[in-house]
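So that the names make sense, note that chain A is the first sequence line, chain B the second, and so on, each numbered from 1.
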2 protein chains.
Amino acid sequence: MPLRTSQNESDELRKLDLFSDMEDVHFEALMRGAYVQNFPPAIELIHEGEPSDFLHVVLEGSVELFAGWNERETTMATVRPVSTFILAASIKDAPYLMSARTVEKSRIILLPSSDVRAIFDEDQAFARAVVTELAQCYRHVVKNTKNLKLRTSLERLANYLIRQSEVSAEPTGFDLPIEKRRLASYLGMTPENLSRAIKALQPYGVTVTGQHVSIPDDRDLRHLASPTPLIDDPKH
Amino acid sequence: MPLRTSQNESDELRKLDLFSDMEDVHFEALMRGAYVQNFPPAIELIHEGEPSDFLHVVLEGSVELFAGWNERETTMATVRPVSTFILAASIKDAPYLMSARTVEKSRIILLPSSDVRAIFDEDQAFARAVVTELAQCYRHVVKNTKNLKLRTSLERLANYLIRQSEVSAEPTGFDLPIEKRRLASYLGMTPENLSRAIKALQPYGVTVTGQHVSIPDDRDLRHLASPTPLIDDPKH
DNA sequence: GAGGTTAATTGACAAATGTCAATTGGGCTG
DNA sequence: CAGCCCAATTGACATTTGTCAATTAACCTC
């Protein structure tokens, strides 16, 4: 049963760059039309090809964006709190190019796309924030394309691990944020190949135990990986 | 030597969706600050990692967008008249993620990015057109990623040829719009592999002679390719 | 703690694709 | 028209990655 958002949840949403500069009256109108819902794992929230009736925001849990073709499927991204996904389809009233399903129990806000578009037409600050968000999404996917076309699967894994290590900034290592079979799919390889690639990175200082990764000395790994902000840094 | 744009060229630019709803006074201001220049083939217009000082518009000729990493290079897109490229970097004042070079002799308009951003802040219709353009660019790259991850190189070529055949709508076939080695790179394979893939498609009704492609009966090809608008249709 | 289920690893082999070099074809210039 | 240069094709082989199946590991429920 869909519920209205609590004050706390509205505040969480307000903090997002996308909504933070929106006029109060517009934000309140958006919240009045919003639903919040809990979903169990493995529930498909949207399906590629369908019209985008809502703009979704992940408040808790996580959501996998994936795409399929001819019985094949690939993971395109994982969405974590607090963030939206597939803004482009909502804003332009175009069909979804990707599907989405919950990875774990998740709490999602659904904002009617028609409300979002109406405010977009009225609120200049929101329009600008939409542009920023779309530009960032676009740049992110361009980097992903470069990663896929320019690097082998071993190089993609190496760079991924370096990136995650930098983000966690823990000297004892970090936990992979998703299951290995999904990580494999995201990186454009099979689970078997990921397993072999993880093993192949051991001589470069990488130790993986279950979900835990530690890289006490990453110099060799960095030499193999050759990270560049033009591919690997989401903020660049 | 950079020249100012002629009335004819301004008119060409005005016709673009990106600029067509811009207020006259803003468009005129943009044109006053614009340069137009002829470039011979193989000239690098922009380099990845560099700041985006100009928004470029291709009036004549063609421009290849490409990216490199560790001595490797890949073709990301080909830009034809009349259109812009890499709007996201200009609008957000971010470094270019791709380089661009002329494929043939080309006539390019250069619009100072600072002028573009200033008008973006002022002109609501232009801001909306920017959103449309960015959403389209984003969706295009997502389809490209799906193509790369979900399909083999043979399938990518098959779908590319079907797409080009539909666009040309000529019963006698069409000419490939770019050189084969660049097409190979764009589709994510080596020139040798493209050559073999072209050969492998002959039993499916594909005949290639130099740049000319004819597909008198495309039923078998379509069966192999399984085209879908969610990957292959730029307007979907 | 046992049993069941799913994820991950491993082995063996197949397929797809890349690399390198030689040859052929096409286009351009003098 | 000849010569040169570059694009494309082809052959042989290497590498990367996928597929399939078996085994092991991990997690969850009763």
Given [options], which nucleotide is nearest the side-chain atoms of [X]?
X        : options                : answer
B:Met189 : C:dA7, C:dG18, D:dA8   : C:dG18
B:Thr190 : C:dT19, C:dT9, D:dG18  : C:dT19
B:Arg181 : D:dT17, D:dT9, D:dA8   : D:dA8
B:Glu192 : C:dC20, D:dA8, C:dT10  : C:dC20
A:Lys199 : D:dT9, C:dT10, C:dT9   : C:dT10
A:Thr152 : D:dC20, D:dT17, C:dG18 : D:dT17

Does any donor atom in the side chain of [X] or [Y] lie under 3.5 Å from an acceptor atom in the other side chain?
X        : Y        : result
B:Asp11  : B:Gln7   : yes
A:Arg107 : A:Asn38  : yes
A:Asp217 : A:Tyr204 : no
B:Asp53  : B:Tyr96  : no

Between [N] ([atom2]) and [X] ([atom1]): distance, integer Å:
X        : N      : atom1 : atom2 : value
B:Leu176 : D:dT9  : CG    : P     : 10 Å
A:Ile178 : C:dA8  : CD1   : P     : 10 Å
A:Glu104 : D:dC27 : CD    : C1'   : 16 Å
B:Gln202 : D:dT9  : CD    : P     : 10 Å
A:Leu194 : D:dT16 : CG    : C1'   : 15 Å
A:Glu179 : C:dT6  : CD    : P     : 12 Å
B:His212 : C:dG26 : NE2   : C1'   : 17 Å
A:Leu187 : C:dA8  : CG    : P     : 13 Å

Less than 4.0 angstrom between a side-chain N/O of B:Ser153 and OP1 or OP2 of C:dT17, yes or no?
yes

Please confirm whether any donor atom in the side chain of B:Arg196 sits under 3.5 Å from an acceptor in the base of D:dG11, or the reverse.
yes

Ion pair B:Lys105/B:Glu60, N-O distance below 4.0 Å:
no

Judged by each residue's nearest nucleotide on DNA chain D, which is more toward the 5′ side, A:Asn193 or A:Gly210?
A:Asn193

